[in-house]
There are 2 protein chains.
Amino acid sequence: MSYKHSKQREVIQSFLTGRKDHPTADTIYAGVREVIPNISLGTVYRNLQLLVDLGEIQKINVGDGVDHFDADVSMHHHFHCRICGCVSDVRIKALPFDLKDQLIDFDGEVETQTLYFEGVCSACKALKQSV
Amino acid sequence: MSYKHSKQREVIQSFLTGRKDHPTADTIYAGVREVIPNISLGTVYRNLQLLVDLGEIQKINVGDGVDHFDADVSMHHHFHCRICGCVSDVRIKALPFDLKDQLIDFDGEVETQTLYFEGVCSACKALKQSV
DNA sequence: AATAAAAGTAGTAATCATTACTGGTTTATC
DNA sequence: GATAAACCAGTAATGATTACTACTTTTATT
């Protein structure tokens, strides 16, 4: 059986599960407030971190200085649009090897690797061309 | 001929060039203060960004919430130690293709890609084993 | 050189994301 | 139903970064 979540945590998690973009704590806060109007931003942060620690969601970093969250914890990568700031999933063809095994002369222990892309998303690209 | 840098900018850049780790603005500030004791932290940030915009240095992100800077602008990747927080260069065997060309069903425009590794550096690993 | 314009600076205040704290409330346990 | 543990709202604090302001240095122009 699964860990019992508080009402707040449950709403936070299901809000996140319902979205394919990768909202920030602030966006999640705004969304969850529609359901629990007096929830506190600190509660959102605390529960997001707790869910990350439990492995139920993941925190993603695309170099924009803000943490994004993703209910999909399966291995995949992200794209960050430098125009609108949106973050989307990208799938990559399976590589014939693990990137961390391609390192040269490295003596430490690699535990995780992060790969993300940046540029202009298709929506912004279309917008640019229509002007 | 190259762009004329102010004294402050020159010292910041040469401080960075002299190091193989990847200091944060704060560390650079401390180092540069040994040469220009009354330099301001804002000046450090402003000039670092300016040098980034000129392409003379690069800003690197390893997911620790702080910007690191690197005088080496050639293509390479980084490793971040979750124990001591140090950031070091890693070299990777040349891939037989460009990662961004491996994306599936992606309609946007990829301009940059970031790949970094995280784990335990060799120094921390040695320390752990000696305890 | 004298001077006007531009670029740059130190110092400080403000911002933004995130974390910590505090006192009260809910939930689980005996 | 008492007692302890988990959790919360609200607020304060923190840390990195950026913005602002008034002053100084550099550059260009006469």
Side-chain angles (χ1 to χ4, degrees), chain A residues 1-16 21-54 56-70 80 82 85-87, chain B residues 1-16 21-54 56-70 80 82 85-87:
Chain A
M1 73 207 76
S2 73
Y3 188 88
K4 171 74 187 304
H5 289 308
S6 67
K7 178 78 196 288
Q8 285 85 345
R9 193 146 59 236
E10 211 132 85
V11 174
I12 289 168
Q13 183 166 24
S14 81
F15 175 83
L16 196 57
D21 64 344
H22 304 75
T24 63
D26 225 56
T27 305
I28 295 166
Y29 176 53
V32 171
R33 278 227 282 190
E34 314 247 314
V35 183
I36 308 174
N38 72 330
I39 196 171
S40 146
L41 180 57
T43 297
V44 172
Y45 272 104
R46 183 165 32 78
N47 282 303
L48 284 170
Q49 188 55 54
L50 207 147
L51 290 166
V52 168
D53 293 343
L54 290 171
E56 303 197 18
I57 67 173
Q58 67 170 321
K59 188 187 279 188
I60 65 189
N61 157 37
V62 290
D64 63 352
V66 200
D67 291 336
H68 295 254
F69 295 88
D70 189 346
H80 175 238
R82 68 167 164 80
C86 74
V87 177
Chain B
M1 74 211 77
S2 72
Y3 187 89
K4 171 71 187 303
H5 288 309
S6 68
K7 178 75 196 287
Q8 285 85 344
R9 193 144 62 233
E10 210 132 87
V11 174
I12 289 168
Q13 183 165 23
S14 81
F15 175 84
L16 196 58
D21 62 346
H22 303 75
T24 63
D26 225 56
T27 305
I28 296 165
Y29 176 52
V32 170
R33 277 227 282 190
E34 314 248 313
V35 183
I36 308 175
N38 72 330
I39 197 172
S40 146
L41 182 57
T43 298
V44 171
Y45 272 104
R46 182 166 30 77
N47 281 304
L48 284 170
Q49 188 56 54
L50 207 148
L51 290 166
V52 168
D53 293 343
L54 291 171
E56 303 196 19
I57 67 174
Q58 67 170 321
K59 188 188 280 190
I60 64 189
N61 158 36
V62 289
D64 62 352
V66 199
D67 291 336
H68 294 255
F69 295 88
D70 189 346
H80 175 237
R82 69 166 163 80
C86 75
V87 177

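Small disclaimer: the values here were computed from a predicted structure and weren't measured.
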Can you give me the closest heavy-atom contact between B:V62 and A:N61, atom names plus distance? C-ND2, 4.3 Å
When rounded to whole Å, the CD to P distance for the pair B:E10 and D:dT25 reads 18 Å
Calculate the interatomic distance between B:I60 atom CD1 and D:dA16 atom P; express it in whole Å. 17 Å
Can you tell me if A:H22 uses its side chain to pair, donor with acceptor, with the backbone of A:H68 under 3.5 Å? no
Quick check for you: among D:dA9, C:dT27, C:dA10, whose closest atom lies nearest to any side-chain atom of B:S40? C:dA10
Between B:R46 and B:G65, the residue closer to the 5' end of DNA chain D by nearest nucleotide is B:G65
Using a cut-off of less than 4.0 Å, is there contact between a side-chain N or O of A:Y45 and OP1 or OP2 of C:dT19? no
Look at all strands and tell whether A:L41 reaches a base, only sugar-phosphate, or nothing, counting heavy atoms closer than 4.0 Å. base
Please report the closest heavy-atom contact between B:I12 and B:I39, naming both atoms and the distance. CD1-CD1, 4.3 Å
With respect to the phosphate group of C:dA28, does any side-chain polar atom (N or O) of A:K4 fall under 4.0 Å of OP1 or OP2? yes
Would you classify B:Q8 as touching base, sugar-phosphate or nothing, given that sugar-phosphate means primed atoms plus P, OP1 and OP2, and contacts are heavy atoms under 4.0 Å? sugar-phosphate
Measure from the side-chain heavy atoms of A:A25 and tell me the nearest of C:dA28, C:dT18, C:dG11. C:dT18
Looking at B:Q58 and B:V52, what are the two nearest heavy atoms and their distance? C-CG2, 4.3 Å
A:D67 has an atom CG; how far is it from atom C1' of C:dT19, in whole Å? 12 Å
Counting any heavy atom closer than 4.0 Å, what does B:D26 reach on the DNA or RNA strands: base, sugar-phosphate only, or nothing? nothing
In terms of side-chain heavy atoms of B:N38, which of C:dA17, C:dG11, D:dC7 is nearest? C:dG11
Phosphate OP1/OP2 of C:dT9: any B:S6 side-chain N/O under 4.0 Å: yes
Where the side chain of A:I39 is defined as all heavy atoms beyond and including C-beta, which of D:dA9, C:dT9, D:dC8 is the nearest nucleotide? D:dA9
